[in-house]
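Below: one structure, written as structure tokens.
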Amino acid sequence: MKQYKDNYCQISYDSNSNQVYLKWLLPPDEQALLCSYEKGLDMAISNQAASWVTDNSIGFQVDISMQHSLAQLAASRLTQTSLKRFARVTPIDVFQEIVTHKICNQINDLSTKRIEFEVFHDAKDAQVWGTLASHLSYN
């Protein structure tokens, strides 16, 4: 298992599930958010990960500027990845779900590559759903 950790998050790659897992430890500012996703994308690209789970159980809010910047970053690098599925774990909060769908729709609008996404409230459920990406034949 490959790992990265800083004050804001912990990112790991599990070769058994072919999955990147990013767990937020503290709410990031925009720079830390983008830096963490850059590191995760690098990990996804270098390992040809099929899925990615971001665990935001701590429930921080992603403001409009962060949403836009994150969508641009992800869309610009998505074609370099083998990702098929992205799951976001949130507390039970309709606003968190709306924001997740908004960001993922922006990414899909900005990129020629499509990725499935889903919101979960339990990290284990998200990981299982993501692991099924290895069995998907489309790209």
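Basis for what follows: all heavy atoms, side chains included, without hydrogens, waters or symmetry-related copies. One is the number of the first residue; the rest follow in order along the sequence.
Using modelled atom types, one finds a donor on one side chain and an acceptor on the other under 3.5 Å when comparing Tyr13 with Asn18. There is a side-chain donor-acceptor pair under 3.5 Å between Asp55 and Ser57.
By the 4.5 Å heavy-atom criterion applied to side chains, Ile64 and Lys102 are counted as neighbours. Inter-residue side-chain proximity for Leu78 and Ile107 is flagged as met; some heavy-atom pair is nearer than 4.5 Å. Contact check for Leu132 versus Arg85: side-chain heavy atoms found under the 4.5 Å cut-off. Contact annotation: the side chain of Val53 never approaches that of Leu22 to less than 4.5 Å [non-hydrogen atoms, C-beta and beyond]. A 4.5 Å side-chain heavy-atom check between Leu25 and Ile58 finds every atom pair outside the cut-off. At least one side-chain heavy atom of Glu118 sits less than 4.5 Å from a side-chain heavy atom of Trp129. When side chains are defined from C-beta on, Lys84 does not count as touching Ile115, because their heavy atoms never get closer than 4.5 Å.
Expressed to the nearest 0.5 Å, how far CD of Glu116 lies from OG of Ser51 amounts to 11.0 Å. In this structure, OG1 on Thr54 lies 8.5 Å from CD1 on Ile11, to the nearest 0.5 angstrom. Atom CG of Asp14 and atom CD of Gln3 lie 10.0 Å apart (nearest 0.5 Å). Within the model, atoms CG of Asn56 and SG of Cys9 stand 11.5 Å from one another, a figure rounded to the nearest 0.5 Å. Once rounded to the nearest 0.5 Å, the distance linking CG of Leu83 with CZ of Arg77 reads 11.0 Å. Here Glu30 contributes atom CD and Leu33 contributes atom CG; the two are 7.5 Å apart, rounded to the nearest 0.5 Å.
Nearest heavy atoms, Ala126 versus Gln19: O-NE2, 4.4 Å. In plain terms, the two heavy atoms of Tyr21 and Gln127 that are nearest each other are CD1-NE2, 3.5 Å. Shortest non-hydrogen contact noted between Ala49 and Val20 is CB-CG2, 3.9 Å. What you find for Ala75 and Leu110 is that their closest heavy atoms are CB-CB, 3.4 Å. Of all heavy-atom pairs between Thr81 and Lys113, the closest is O-NZ, 2.6 Å.
For Tyr8 and Trp24, the distance between ring centers is not under 6.0 angstrom. The six-membered or imidazole ring of Trp52 lies away from that of Phe117, with a centre-to-centre distance of 6.0 Å or more.
Within 6.0 Å of the NZ atom in Lys39, the count of heavy atoms belonging to other residues, nucleotides or ligands does not exceed 12. Around NE2 of His68, the count of heavy atoms belonging to other residues, nucleotides or ligands within 6.0 Å does not exceed 12.
Transitive grouping of hydrophobic side chains (ILVMFWY, heavy atoms separated by less than 4.5 Å) keeps Val119 and Phe60 in distinct clusters.
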Stepwise side chain to side chain contact (heavy atoms under 4.5 Å, CB included) test for Leu41 and Leu73: CA-CA 10 Å; Leu41 284 163; Leu73 169 66; 4.1 Å; yes
Stepwise side chain to side chain contact (heavy atoms under 4.5 Å, CB included) test for Ser15 and Asn47: CA-CA 8 Å; Ser15 59; Asn47 293 289; over 6 Å; no
